[in-house]
2 protein chains.
Amino acid sequence: MAQSDTVDRILDAAEELFAERGFSETSLRMITSKARVNLAAVNYHFGSKNALIHAVFARFLTPFSATLENAFDELEARCDGNPPTLNQTLWALTESAVRMPQRNEKGISIFMRLLGLAYTQSQGHLRKFLELEYGEPFSRFMRLLKEATPQLSAVDRYWRIQFMLGATAFTMSSSDALQDILRNKLGVETTVQEIAARLVPFLAAGMQAPDALLVPPTSSKIPVA
Amino acid sequence: MAQSDTVDRILDAAEELFAERGFSETSLRMITSKARVNLAAVNYHFGSKNALIHAVFARFLTPFSATLENAFDELEARCDGNPPTLNQTLWALTESAVRMPQRNEKGISIFMRLLGLAYTQSQGHLRKFLELEYGEPFSRFMRLLKEATPQLSAVDRYWRIQFMLGATAFTMSSSDALQDILRNKLGVETTVQEIAARLVPFLAAGMQAPDALLVPPTSSKIPVA
DNA sequence: ATGTGCGTCAAACGTATGTTTCAAACAGAC
DNA sequence: GTCTGTTTGAAACATACGTTTGACGCACAT
C-alpha cells in the first residue's frame, strides 16, 4: 500500500458521518471505527478534531472552487462585456456542482449537506476557515448575482440570496430522504440532476419576484390573484 | 413565589441557550447556571435532557399550533367554498408566527431558530416528538398548498414545497447570524417581521414559476470545462 | 546487520457530560 | 408544634469524549 491510505479512510468515514449526524454528534471513535483505523490516527495525521473537519471541507471544496472559477471565467468570456444573466449564473454553479467528480453516488448530497451544516451549525472555527480559504469564489458569485439583478436593492438581494442558499442546501442535503418519500408516495424516480433542474427555475423566479410588499395582503384588501 | 418558578426559569434559560448554540452544544450545567437553579432540578422536574428539549418546544408550539388552526379556520371561512390562494395561505402562516405573544423581544427569532434547528439537526427523538404532537396542522398546511396550486403536477409541487421549507428553515435557523452580517456590512437593522415579509413573496414567486425546464438554457451546447 | 523515521497500536489521561443519591429545607394540614 | 409530601442542595456516579503517551513494527538507507 502506497503512502498509507489511512488518511483517506479517515476522511471518507468522517465526511459521511459528519454529513449524517453533524460535527459535535460525531465522535472520533465513531470515525476511526468506521474507517477501521486506530483512534490515535486522527490526532497523529490531522492534529485535532477541528483540523479534521477543516480537512474534510478542503478535500472537496478546493477542487470545486477551481471548477467553479473556470465555469465563471468561461461564462464571462462567452458574454464578453455584458453581465451574465441570472439563469446563466445559477446554471454555471449547478453544473459545476453536479459535474464534480464524485467518490460515490452519495457524493453530491454529502457535499451539499456539509455545506448546509457549515452554515447552520455555528462552529466559529469552521466559519472562519471557510471565509479565509474560499471567500473569493463566493464573492465572485455574489458579484455575478448582483450584476444579474440590478433591479434589487442591496438588502432585498442579500435576503433573497440567503433564501436561495437555504432552499438549495436543505433540499440537496436531505435529497436521499426526500427521494425515498417521493418514490414511496408517487412511485417516481428522481436524479439529483432533475432536482437541480427543478430548483433553478424556482430560485430564479424567487429572485425576480416583484418587490417585497411590507404589508400582508390579508382580509379585505388585495385579494391576490 | 407561587408554584416554584424553577421550571420556568429553566425553560427560559434552555430556550435561549438552545437557540444560540444548538442542543448537543448546550450542557445542563450551562442551563442551570444561567437559570440560577441547582443542576439536579432539570432531572427532577423534567426527567431528562431530551424531555427538557421536548418541553421547550411544547411551550411555544402548543399555543402556536392553536393560533394556526384558528387562522386557517378563519381563512377558509372567509373564502367560503373556494380554496384560499397561495399568498393567503402563506400569510396566514407567517402572521400566526409573528403575532404569537412573545416573552421578550428575542422571542420570535428564538422561536424561528428553534424550528430551524428541529429540522436541521437530525435528533431522532425530536423529529418523532414533533410529528406525533404537531403533525396535524402541518398536514392541513400541505393540503391548503395543494389546493392553492392546482396547476402544478404532484411531483413539481412536492419539490417546490421542499424548496420553500428549506429556504424558510435555513434562513430562520441562522437569522441572528445573518442579521449580524447585514448590520456590519450595510449598517441595516432588520426585524424578523421584515424577513418574513421578504420571504413570502420570494416563496410565492418560486411556487408559481413556469414549469421546470429540464435542460439548462446555456448558449451553445453546455460546454463547461 | 544496524540504525533511523514513520506509522500503528493499546492504554491511559484529564475533563466534561447526563444522571443519581440522600440529606436538608421548606411548605401546608392537622 | 408536629407530621407529611414536595422541592432544593452539594456531592458523587458512571460514562463518553478529545487528546497524549510510549512501546512496537516495519521499510529502507547506510
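In what follows, every chain begins at residue 1, and chains take the letters A, B, ... in the order their sequences are listed.
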Item checked: Polar side-chain atom of A/T149 near backbone of A/L152 as donor-acceptor pair, under 3.5 Å -> no
Look only at the side chain of B/R160 and the backbone of B/M207, and say whether a donor-acceptor pair between them is shorter than 3.5 Å.
yes
Nearest-Å distance for atom pair [atom1]/[atom2], residues [X] and [N]:
| X | N | atom1 | atom2 | result |
| --- | --- | --- | --- | --- |
| A/F23 | D/dG18 | CZ | P | 14 Å |
| B/L28 | D/dG9 | CG | P | 16 Å |
| B/H125 | C/dG18 | NE2 | P | 12 Å |
| B/L39 | C/dT21 | CG | P | 15 Å |
| B/R29 | D/dA10 | CZ | C1' | 12 Å |
| B/N43 | D/dT8 | CG | C1' | 14 Å |
| B/R36 | D/dA10 | CZ | C1' | 19 Å |
| A/I53 | D/dC17 | CD1 | P | 14 Å |

Testing C/dT21, D/dG18, D/dT20 for proximity to the side chain of A/K49, the answer is D/dG18
For the residue pair B/S24 and A/E25, confirm or rule out a side-chain donor-acceptor distance under 3.5 Å.
yes
Can a side chain N or O of [X] be found less than 4.0 Å away from OP1 or OP2 on [N]?
| X | N | result |
| --- | --- | --- |
| A/N38 | C/dA10 | yes |
| B/H45 | D/dT8 | yes |
| B/S48 | C/dG18 | no |
| B/T6 | D/dT7 | no |
| B/S27 | C/dA16 | no |

When A/M30 and A/Y44 are each assigned the nearest nucleotide of DNA chain D, the 5'-most assignment goes to A/M30
Heavy atoms of other groups near A/K146 NZ, more than 12 under 6.0 Å:
no
Any base atoms under 4.0 Å from B/T26, or only sugar-phosphate, or nothing? Heavy atoms, all strands. sugar-phosphate
Under 4.0 Å, counting only non-hydrogen atoms across every strand here, what does B/A41 touch: a base, just sugar-phosphate, or nothing?
nothing
Q. Is the shortest side-chain N to carboxylate O distance from A/R9 to A/D12 below 4.0 Å?
A. no
